[in-house]
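Because only heavy atoms are used, hydrogens play no part in the values below, and waters and symmetry mates are left out as well, while side chains stay in. Here the structure is a predicted model, which is why all the values come from computation and not from measurement. We count ligands from 1, going down the list as the structure has it; atoms in each ligand are counted the same way.
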Amino acid sequence: VHTRNPATESETLSECFRFLNLTSRSFSTVIQELDHELLVPITLFYLVLRGLDTIEDDMTIPLDKKVPLLRNFHNTMEIDGWQFHESKEKDRELLEKFDVVIAELKKIKEPYYEIIKDMTVKMGNGMADYAQNSEMIKNGVQTIEEYELYCHYVAGLVGAGLTRLFVTSELGNPKLAERPSLTESMGQFLQKTNIIRDIHEDWQDGRRWYPKEIWSKHVDRWEDLFDAQHREQAIHCISAMVLDALKHVEECLFYMAGMREQSVFNFVAIPQGMAIATLELVFRNPDVLQKNIKITKGDACQIMLECTQNLHTVCEVFRRYARRIQAKNDPRDPNYLAISVRCAKIEQFIETLYPRQ
Ligand code: PS7
Ligand code: MN
Ligand code: MN
Ligand code: MN
Ligand code: MN
Ligand code: MN
């Protein structure tokens, strides 16, 4: 069911949907299938955060300009007619015509608006902290704790905002609001997968999100990860990162068990299904170190079908990919045993949810 109504849509709203399709690889379809109550608020939430992320990612904006832009973005998003013409990023057109997002934000229900604004304050400040910090120490994220705090700012907060939108609109189980760690895991799992996969692209852009606490166990210098001479160690480093991401799986499945409306279920489940498939794709795959890799269209289609049914079919996706990770696991990998245990635990958890006869 398409919930958009182009006949009654204002020009600025149509423009917002054009930006959604232009800027989002993974979210545009699932957002546009959302229940009518949340369709526009979540589209605008996405565009506000995409605008913020475009500023964060733009390495041509000097830090003394970038930091205040990030910290004040929640005020900026209230200034009628505001546009930004100094970005060189791929998604810069959104910032150049950001006034359309601002115009539409003023029309949504107050509680939805407040949630979006609150998340923008927190994310903008978190991004600014890390932008300043990476400049000071010049060698990226150090500990797993710092890595997870970054993932909290850019994805855990998105999850928190979305959960509040689901609960406020009564499309989500109110009990979800009492389980913030489940929500956090949903964001951590997506963001960690994105960071693991984007290693090469991020490195070329002068960014590094893998924590030193993990990569330093495998190579002495960060650059060595991209050097053919250290290929084996680099693959082991990726395995360590995949193992770390897999610790969130049970909480993600638990969160999805709390969905009660089909369009919201699909919206949260599809990205999670894509993420577990992406983890399997990057696992022990040297291509990650050389180029951007993506799951095939065929796999994406199948995941889309399975993740738009019910928790059971989503669990089947997770079980299938956990088994494929197991099958690719190599005893020479220092994380072999831990990965094996982790995958078995995931399978076991699914088995307790849906015992097979
Ligand atoms: C509001 C739907 C559902 C409880 C733009 C969805 C970048 C991985 O780094 O575009 O450019 O490669 O490939 C999305 C939890 C956030 C976390 C975060 C807003 C799920 C700005 C998404 C998305 C929580 C910061 C997109 C985490 O990847 O990034 C809405 C529940 C934006 C969610 C960023 C990343 C998302 C991301 P990149 P991508
Ligand atoms: Mn970013
Ligand atoms: Mn980005
Ligand atoms: Mn990325
Ligand atoms: Mn991306
Ligand atoms: Mn990117």
remark   = Counting heavy atoms under 4.0 Å, the part of F27 that contacts ligand 1 is side chain
task = Please work out whether any backbone atom (N, CA, C, O) or any side-chain heavy atom from C-beta onward of D198 is under 4.0 Å from ligand 1, and answer side chain, backbone, both or neither.
result = side chain
Please identify which atoms of ligand 1 are closer than 4.0 Å to at least one heavy atom of [X].
X: Q191; answer: 8 (C), 18 (C), 27 (C), 35 (C), 37 (C)
X: Y255; answer: 4 (C)
X: D53; answer: 7 (C), 11 (O)
X: F267; answer: 2 (C)
X: V154; answer: 18 (C), 25 (C), 34 (C)
X: F45; answer: 1 (C)
X: G159; answer: 4 (C), 15 (C), 24 (C), 31 (C)

Geometry at the Mn ion (ligand 2) - D57 OD1 versus D53 OD1 angle, rounded to 10 degrees =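 Taking the Mn ion (ligand 2) as the apex, I get 100° for this pair.
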ask   = Are F189 and Y255 an aromatic pair by the rule of ring centers under 6.0 Å?
value = no
ask   = Taking atom types as modelled, is there a side-chain donor on N266 or Q262 under 3.5 Å from an acceptor on the other?
value =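 Side chains of N266 and Q262: pair found under 3.5 Å.
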message = Would you say E184 and H152 are linked by a side-chain donor-acceptor pair, where the criterion is simply a distance under 3.5 Å?
response = yes
ask   = Nearest to the Mn ion (ligand 2), which N, O or S atom of E56 do we find?
value = OE1
note = Note: V264 and E261 closest approach over all heavy atoms is N-OE1, 3.0 Å
query = Does N125 reach the main-chain N or O of V121 with its side chain, forming a donor-acceptor pair under 3.5 Å?
reply = yes
ask   = Taking the six-membered ring for Trp, are Y150 and W209 parallel (under 30°), tilted (30 to 60°) or perpendicular (over 60°)?
value =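 Aromatic pair Y150/W209 classed parallel.
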ask   = Can we say R164 and D118 salt-bridge, meaning some charged N sits less than 4.0 Å from an Asp/Glu carboxylate O?
value = yes
ask   = Would you call K175 and E178 a salt bridge, taking side-chain N to carboxylate O under 4.0 Å as the test?
value = no
message = Looking at R179, I want to see if its CZ is surrounded by more than 12 non-hydrogen atoms of other residues, nucleotides or ligands under 6.0 Å.
response = no
message = Let me check your reading of the structure: within less than 2.8 Å of the Mn ion (ligand 4), is there an N/O/S atom from D202?
response =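 It does not; every qualifying atom lies at 2.8 Å or beyond.
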inquiry  = Among the N/O/S atoms of D198, which is closest to the Mn ion (ligand 4)? Give the atom name.
reply    =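 The atom in question is OD2.
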